[in-house]
Amino acid sequence: MPAPAPSPLAVVDTEPLDRQGEVLTDAALTFLAALHDRFTPRRDDLLARRAERRAEIARTSRLDFLPETAAVREDPDWRVAPAPPALQDRRVEITGPTDRKMTINALNSGARVWLADFEDASAPTWENVIGGQLNLIDAYERRIDFTSPEGKSYALRPDEELATVVTRPRGWHLDERHLRASDGRAVPGALVDFGLYFFHNAQRLLDRGKGPYFYLPKTESHREARLWNDVFVFAQDYVGIPQGTIRATVLIETITAAYEMEEILHELRDHASGLNAGRWDYLFSIVKNFRDGGPDFVLPDRNAVTMTTPFMRAYTELLVRTCHKRGAHAIGGMAAFIPSRRDPQVNAVALEKVRADKDREAADGFDGSWVAHPDLVPVARASFDAVLGDRQHQKDRLREEVRVTAAELIDISSVGAKPTYEGLRNAVQVGIRYIEAWLRGLGAVAIFNLMEDAATAEISRSQIWQWINAGVVFENGEKATADLVRKVAAEELAAIREETGPQGYAAGKWDQAHDLLLKVALDEDFAEFLTLPAYALLD
């Protein structure tokens, strides 16, 4: 490992945090600077390529499998590297941000894997970015505990009972504004989250018989997977650990990536451990890419697009077939329903919805799936136990009968439902309430008995935009217009003011959230990600 030099990166526009120096050591910052110098220019080129591809989709309203990579898809012989022991059985994975209480609860949850999230379930305040890294280090060193304001204490169970950590860094599009290079450029958040976690914990994890494992979000192409693979190769050489120590699971949560699943696995094949069906961002990606594609691409209310909808079923069936063909794990998506310990009826509905979702995934050949709450771990585990028994996975189910065409993946008109006025109101309600929480530093929020994160908020605002620009007329005869959205948003803000009271309202960020939702939902120029303008408002 190179000897640390004086810090090549500057921390800007923020007050120092307690114990910040334990994370931002000179050696760690030197490593981040090396990642930034080597890989940020390529990241920039790939972001530009995203814009070019979006323009192509706007012009043609179609997507297809890539002819130039047909040889990769047609070669029957290649496989990804065998999964390490800690990632062989992934039947239940719990997701959540890396705050101190969640870190303990997720590790103790009984799930096989914890997706430790620096992305959609975490608002990237400097405190969350650095505090999350400290919490993971403290967990590995078994010096983490937590006491709630009510006096309840939380501590880790024995090591052998803890979930395996798979960390999710931010997507390529979001910079970390508080870390800047000598030229004044911000370091990509993806490299900050990956780099700090890897640098501090790779050897710790190897000493414990595990390794640095990652979920890769928002990937749009195999070229982006290639960039990650090159980052992994460089990082492993830099700290002197064997190639292939890092393992990555890629979220197939963009419509373009759905056409490149095999190529993505091929690029990462020495480091790949699976693909995940990231259903909520996937819907957002469809709206974003085909938002001006005419009536055939107008999605109905979010709750009308179930996983049995033909185009969503095509996507998940293709994912399972692709993964098992190449020896990778297929991991199912998130059921947004969350249990209630106070309302038995809400709880019963949530458990039944989650049970049905996980039963379907297990029967379809998935090797595991996500939940957002510890109470749902036994529900999901029962679904997969019933199919897997003592087996660690079901990669032997090759699903060779599955045949998915390019057209089936974007057959949006097959949904058979239309947008509704209540769907518009719900999108406004969720959008305002989620953005307000995000601006206060919360990335995973329970709203109307559903777990919402940045992906579901993106669906809300993008559907509002699409319905207005498509001239949708609702069942009550009202047309989707900017004025109607402003009216509904004003009514929702008044309801929130009534609900929270004057002091509660003043303590929140409701007006900012209202204004930002209207901006990203009504502006003629569609913001690529809600979190880009929101980040500028984040304390």
If we only count heavy atoms from C-beta on, is the [X] to [Y] side-chain gap below 4.5 Å?
| X | Y | result |
| --- | --- | --- |
| Glu176 | Trp126 | yes |
| Arg42 | Arg226 | yes |
| Trp172 | Phe39 | no |
| Val298 | Val472 | yes |
| Leu409 | Phe311 | no |
| Tyr259 | Leu66 | no |
| Trp114 | Met102 | yes |
| Phe214 | Trp228 | no |

Identify whether the distance between the nearest side-chain nitrogen and carboxylate oxygen of [X] and [Y] falls below 4.0 Å.
| X | Y | answer |
| --- | --- | --- |
| Arg73 | Glu260 | no |
| Asp45 | Arg43 | no |
| Glu491 | Lys487 | yes |
| Lys288 | Asp281 | no |
| Lys218 | Asp120 | yes |
| Arg360 | Asp364 | yes |
| Arg54 | Asp292 | yes |
| Arg168 | Glu119 | yes |

Nearest-0.5 Å distance, [atom1] of residue [X] to [atom2] of residue [Y]:
| X | Y | atom1 | atom2 | value |
| --- | --- | --- | --- | --- |
| Asp301 | Tyr421 | CG | OH | 13.0 Å |
| Thr69 | Glu267 | OG1 | CD | 9.5 Å |
| Asp515 | Leu537 | CG | CG | 9.5 Å |
| Tyr215 | Leu275 | OH | CG | 9.5 Å |
| Thr40 | Asp175 | OG1 | CG | 8.0 Å |
| Arg90 | Ser369 | CZ | OG | 11.5 Å |

Could you tell me which non-hydrogen atom of [X] sits nearest to which non-hydrogen atom of [Y], and how far apart they are?
| X | Y | value |
| --- | --- | --- |
| Ala527 | Val520 | CB-CG1, 4.4 Å |
| Val92 | Ala111 | O-CB, 3.6 Å |
| Ile255 | Ser285 | N-OG, 2.9 Å |
| Ser109 | Val377 | O-CG1, 3.7 Å |
| Pro533 | Leu516 | CB-CD1, 4.0 Å |
| Leu35 | Leu191 | O-CD1, 3.8 Å |

Q: Just grab all the salt bridge (Lys or Arg N to Asp or Glu O under 4.0 Å) pairs involving residues 403-423, residues at least two apart or on different chains.
A: none

Q | Residue pairs fulfilling salt bridge (Lys or Arg N to Asp or Glu O under 4.0 Å) with at least one residue in residues 467-481, sequence neighbours excluded | A |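 Sorted result for residues 467-481: empty, none.
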
Q) Considering residues at least two apart in sequence or located in another chain, which fulfil the side-chain contact (heavy atoms from CB on, under 4.5 Å) criterion with Arg49? A) Glu52, Arg53, Glu56

**Q.** Sequence-distant partners of Ala446, side-chain contact (heavy atoms from CB on, under 4.5 Å), two or more places apart
**A.**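 side-chain contact (heavy atoms from CB on, under 4.5 Å) check on Ala446 returns Ile338.
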
Is atom [atom1] of [X] surrounded by more than 12 heavy atoms (other residues, nucleotides or ligands) closer than 6.0 Å?
| X | atom1 | answer |
| --- | --- | --- |
| Arg223 | CZ | no |
| Gln345 | CD | no |
| Glu499 | CD | yes |
| Glu127 | CD | no |

Q: Enumerate the residue pairs fulfilling side-chain hydrogen bond (donor to acceptor under 3.5 Å, both in side chains) with a member in residues 434-449, sequence neighbours excluded, ordered by first and then second residue.
A: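 Every pair satisfying side-chain hydrogen bond (donor to acceptor under 3.5 Å, both in side chains) with a residue in residues 434-449: Glu436-Arg440.
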
So does [Y] get a backbone contact from the side chain of [X], meaning a donor-acceptor N/O pair under 3.5 Å?
| X | Y | value |
| --- | --- | --- |
| Asn276 | Gly278 | yes |
| Thr531 | Ala534 | no |
| Asp193 | Pro169 | no |
| Arg170 | Ala190 | no |
| Gln466 | Leu299 | yes |
| Ser340 | Arg342 | yes |
| His373 | Asp375 | yes |

Q: Apply ring pair (Phe, Tyr, Trp, His ring centres under 6.0 Å) to Tyr282 and list each qualifying residue two or more places apart in sequence or on a separate chain.
A: Tyr315

Is a donor from one side chain sitting under 3.5 angstrom from an acceptor on the other, for [X] and [Y]?
| X | Y | value |
| --- | --- | --- |
| Thr322 | Glu262 | no |
| Glu458 | Ser462 | no |
| Ser383 | Asp359 | yes |

Q.
Would you call the rings of Phe297 and Phe290 parallel, tilted or perpendicular, taking 30° and 60° as the class edges?
A.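 Rings of Phe297 and Phe290: parallel, under 30°.
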
Q: Measure the acute angle between the ring planes of Trp467 and Phe474, then classify it against the limits of 30° and 60° as parallel, tilted or perpendicular.
A: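 Because their plane-to-plane angle is over 60°, the rings of Trp467 and Phe474 count as perpendicular.
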
Q: Please report the C-alpha distance between Arg302 and Glu452 in whole Å, then the side-chain angles of each, then the deciding distance to 0.1 Å, and finally whether the salt bridge (charged side-chain N to carboxylate O under 4.0 Å, His left out) criterion is met.
A: CA-CA 12 Å; Arg302 180 181 111 189; Glu452 308 287 356; 3.0 Å; yes

Q: Show the numbers, then the answer: is there a side chain to side chain donor-acceptor pair (under 3.5 Å) between Thr98 and Thr103?
A: CA-CA 5 Å; Thr98 53; Thr103 296; 5.6 Å; no

Q. So, Phe118 versus Phe194, ring centres under 6.0 angstrom or not?
A.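 Not close enough - the centres of the two rings lie 6.0 Å or further apart.
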
Q: Verify salt bridge (charged side-chain N to carboxylate O under 4.0 Å, His left out) between Arg279 and Glu361, making sure each step is shown before the conclusion.
A: CA-CA 13 Å; Arg279 61 181 72 171; Glu361 288 180 326; 3.0 Å; yes

Q. Are Arg497 and Trp510 in a cation-pi contact, defined as NZ or CZ under 6.0 Å from the six-membered ring centre and within 45° of the axis?
A. no

(Q) Is there a salt bridge (charged side-chain N to carboxylate O under 4.0 Å, His left out) between Glu492 and Arg433? Walk through the geometry before answering. (A) CA-CA 10 Å; Glu492 173 61 10; Arg433 289 167 184 262; 2.8 Å; yes

